[in-house]
Student: 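Sharing a structure here in structure tokens format.
Fair warning: this is a prediction, and the values are worked out from it, not measured in the lab. Just so it is clear, the values below take in all heavy atoms, side chains as well, and ignore hydrogens, waters and symmetry mates.
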Amino acid sequence: MSGTQPLYEIIRPKKVDEVLGNEKLKEILKTWIKNKKVRSFIIYGEPGSGKSTIVRALINEIKDYYDVFSISGAIEGKKKIKDIIEQKNNLFTKPKLLFVDEIHRLNKAEQDTLLLSVETGELTLIGATTENPAISVNPALLSRVLVFKTKELITDDYEKLFQQIEDYYKDLKITKEARKALIEYAGNDIRRIMNLIETANEAGINSIDLEFLKDFTGYRLTYDKNAKYSFISAYIKSMRGSDVDAALLYLAYMLESGEDPMYIARRMVILSAEDVGLADPNALNIAVSAMIATEHVGYPECYLPLSEATMYLCSSPKSNSAYLAYAKAKEFISQNNFEIPPKLINPLNKRMEKQGFGEGYKYPHDYGGFVRESYMPEGFESTQFFTPKEIGIEKRIKERLKDLWKDKKNY
């Protein structure tokens with residue numbers, strides 16, 4: 001190995017056609033390369049899923065036709081973007097292409113700086129992010145770019161990867177069983193696979209087999225994809241059933257088997273809203289806090305916030321009324337046509353005022369904080385989705401709603 005350059009940089013593809021998987025996306029990019037014209041786009045996916053590899057391979061093939069700039073959304077901001085946009089053009093200037101890694105870390109003002117240049121075509125923007133752009137990118141900017149998502153690699157793609165690694169490390173052999181275990185161990189993170197193999201090679205290990213993986217990583221060979229879903233199911237059902245000891249057992253087994261802690265944390269957040277719900281609204285705060293802590297602390301210390309939240313959720317009263325209420329509202333939408341009552345719509349101009357929009361609306365704060373008046377669409381005033389239970393804090397919620405609505409709603 002030359003210098004300190006990591007393995008994943010050394011064997012990173014130089015051309016789009018050499019990128020593993022993502023065949024449909026590659027066809028689009030190869031068309032752009034052929035036409036020497038790239039459209040603005042954002043690519044997102046899990047860490048290590050190949051986002052930067054795809055972008056860099058594309059840039060490598062079109063760099064002769066563009067002035068290419070690269071920045072990190074986590075480090076550089078508005079000033080750097082403006083400097084790039086405001087660079088003067090001349091007769092020999094090429095079109096500008098800006099690659100923003102971690103584009104979700106740009107704030108609204110920084111994203112807005114890109115808007116006009118992208119819209120006019122003065123700047124071609126490529127963004128990469130681990131977060132869904134629909135949530136992390138401003139709608140105004142999102143409407144001006146294409147969005148692509150990296151696809152999970154298939155077995156043949158991984159075989160090509162392992163062959164590339166063995167071709168680079170001439171004396172290294174990775175057994176068939178170890179290859180399968182490595183894929184399970186790393187999930188979709190290609191970089192994680194290569195980092196582990198690189199570390200083993202630096203330690204003078206020329207054969208990677210199941211025993212090595214067990215000793216080197218603590219990876220449990222019985223924890224495959226099927227086991228993953230069985231254990232997360234057992235974990236969730238144990239919390240729902242308030243069995244603290246069982247939930248902690250399955251949590252520990254998953255973490256010690258190499259499971260992604262964020263996968264566990266996300267499922268915990270879902271359970272807090274679905275199964276604890278209004279019986280203890282603080283459960284959602286606890287679960288979200290544990291997820292944020294897990295993201296920032298990482299493995300192995302993340303077991304502390306995860307186990308604390310697990311015990312809290314197990315011990316909490318349980319209610320699925322929020323889940324059931326939403327399901328009923330969703331079913332109602334599929335079976336009925338309705339219109340928003342005009343009194344609930346703010347008139348945006350005089351024409352709407354004349355049509356009666358906003359008329360008759362009673363501002364609750366002018367009436368002591370509550371008006372016993374339906375906000376449901378006309379004809380559906382008696383329709384009710386939420387049936388609160390007499391459990392935990394939800395019992396107090398039920399009592400308040402019953403007092404507020406008296407004979408109007410059945411609480």
Student: Less than 3.5 Å apart, which donor and acceptor atoms pair up between the side chains of residues 401-411 and the rest of the protein, not counting sequence neighbours?
Tutor:
| residue | atom | partner | partner atom | Å |
| --- | --- | --- | --- | --- |
| D403 | OD1 | K406 | NZ | 3.4 |
| K406 | NZ | D403 | O | 3.3 |

Student: With heavy-atom distances below 4.5 Å as the criterion, would you say the side chains of S238 and Y250 are in contact?
Tutor: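 Yes, close enough: below the 4.5 Å cut-off.
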
Student: With side-chain hydrogen bond (donor to acceptor under 3.5 Å, both in side chains) as the criterion, how do N320 and K389 come out once you've worked through the C-alpha distance, each side chain's angles and the decisive distance to 0.1 Å?
Tutor: CA-CA 9 Å; N320 65 347; K389 300 181 178 182; 2.6 Å; yes

Student: With side chains defined as the heavy atoms from C-beta onward, is the minimum distance between I28 and R39 less than 4.5 Å?
Tutor: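 SC-SC contact between I28 and R39 ruled out.
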
Student: Looking only at heavy atoms, what is the nearest atom pair of L20 and K160, with distance?
Tutor: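 Taking L20 first and K160 second, the nearest heavy atoms are CD2-CB, 3.7 Å.
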
Student: Report the residues that fulfil side-chain hydrogen bond (donor to acceptor under 3.5 Å, both in side chains) with S242, sequence neighbours left out, ordered by chain and then residue number.
Tutor: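 Counting only residues at least two positions away or on another chain, S242 forms a side-chain hydrogen bond (donor to acceptor under 3.5 Å, both in side chains) with K318.
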
Student: Using atom types as modelled and distance alone, determine if a side-chain donor or acceptor of S316 lies under 3.5 Å from a backbone N or O of Y312.
Tutor: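 The answer is yes, because a donor-acceptor pair under 3.5 Å joins these two groups.
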
Student: Could you tell me whether a side-chain N or O of K362 sits under 3.5 Å from a main-chain N or O of Y367, the two making a donor and an acceptor?
Tutor: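 Answer holds: no.
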
Student: With sequence neighbours excluded, give me every ring-ring contact (aromatic ring centres under 6.0 Å, His included) pair touching residues 379-399.
Tutor: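 Non-adjacent pairs meeting ring-ring contact (aromatic ring centres under 6.0 Å, His included): F332-F380, F332-F385.
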
Student: Please tabulate, one pair per line, all N/O donor-acceptor pairs under 3.5 Å involving side-chain atoms of residues 321-328, not counting sequence neighbours.
Tutor:
| residue | atom | partner | partner atom | Å |
| --- | --- | --- | --- | --- |
| S321 | OG | S319 | OG | 3.2 |
| S321 | OG | E394 | OE1 | 3.3 |
| S321 | OG | E394 | OE2 | 2.6 |

Student: Would you call E166 and R179 a salt bridge, taking side-chain N to carboxylate O under 4.0 Å as the test?
Tutor: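 Yes, E166 and R179 are salt-bridged.
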
Student: Name all pairs fulfilling the salt bridge (Lys or Arg N to Asp or Glu O under 4.0 Å) condition that reach into residues 272-281, sequence neighbours left out, sorted by first residue then second.
Tutor: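 Applying salt bridge (Lys or Arg N to Asp or Glu O under 4.0 Å) to every pair that reaches into residues 272-281, excluding sequence neighbours, yields R240-D275.
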
Student: With a 3.5 Å distance limit and no angle check, can you tell me whether E110 reaches the backbone of N107 through a side-chain donor-acceptor pair?
Tutor: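 Yes, because the side chain of E110 sits within donor-acceptor range (under 3.5 Å) of the backbone of N107.
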
Student: Looking only at heavy atoms, which two atoms of I103 and Q111 are closest? And how far apart?
Tutor: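 Closest approach of I103 to Q111: O-NE2, 4.0 Å.
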
Student: Keeping S136 on the side-chain end and H104 on the backbone end, is there a donor-acceptor pair under 3.5 Å?
Tutor: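 No, because the side chain of S136 does not come within donor-acceptor range (under 3.5 Å) of the backbone of H104.
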
Student: Could you check T150, T130, N22 and say which one makes a side-chain hydrogen bond (donor to acceptor under 3.5 Å, both in side chains) with S49?
Tutor: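 Going through T150, T130, N22 one by one, the side-chain hydrogen bond (donor to acceptor under 3.5 Å, both in side chains) with S49 is satisfied by T150 alone.
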
Student: Table please: side-chain donor-acceptor pairs of residues 294-306 below 3.5 Å, with sequence neighbours left out.
Tutor:
| residue | atom | partner | partner atom | Å |
| --- | --- | --- | --- | --- |
| T294 | OG1 | A290 | O | 2.8 |

Student: Ignoring hydrogens and angles, tell me if any N or O in the side chain of S334 forms a donor-acceptor pair with the backbone of E331 under 3.5 Å.
Tutor: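 A pair under 3.5 Å: yes.
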
Student: Let me confirm one number: the OG1-CG distance from T310 to L271, rounded to the nearest 0.5 Å.
Tutor: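 T310 OG1 to L271 CG: 9.5 Å, rounded to 0.5 Å.
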
Student: May I ask you to decide if D64's main-chain N or O and K94's side chain share a donor-acceptor pair within less than 3.5 Å?
Tutor: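 Answer holds: yes.
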
Student: Using modelled atom types only, decide if a donor and an acceptor are shared between the side chain of N60 and the backbone of K14 within a distance under 3.5 Å.
Tutor: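 Yes, the answer is positive, given that a donor and an acceptor are paired below the 3.5 Å cut-off.
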
Student: Check this for me: does any side-chain nitrogen of one of K149 and E46 sit under 4.0 Å from a carboxylate oxygen of the other?
Tutor: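 Not counted as a salt bridge, because no side-chain N and carboxylate O are separated by less than 4.0 Å.
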
Student: Over all heavy atoms of both residues, which pair between A247 and Y235 is shortest? Give the atoms and the distance, please.
Tutor: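 Taking A247 first and Y235 second, the nearest heavy atoms are O-CD1, 3.3 Å.
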
Student: When you measure from the side chain of Y158 to the backbone of L182, do you find a donor-acceptor pair of N or O atoms at a distance under 3.5 Å?
Tutor: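 Side chain of Y158 to backbone of L182, a donor-acceptor pair under 3.5 Å: no, none is there.
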
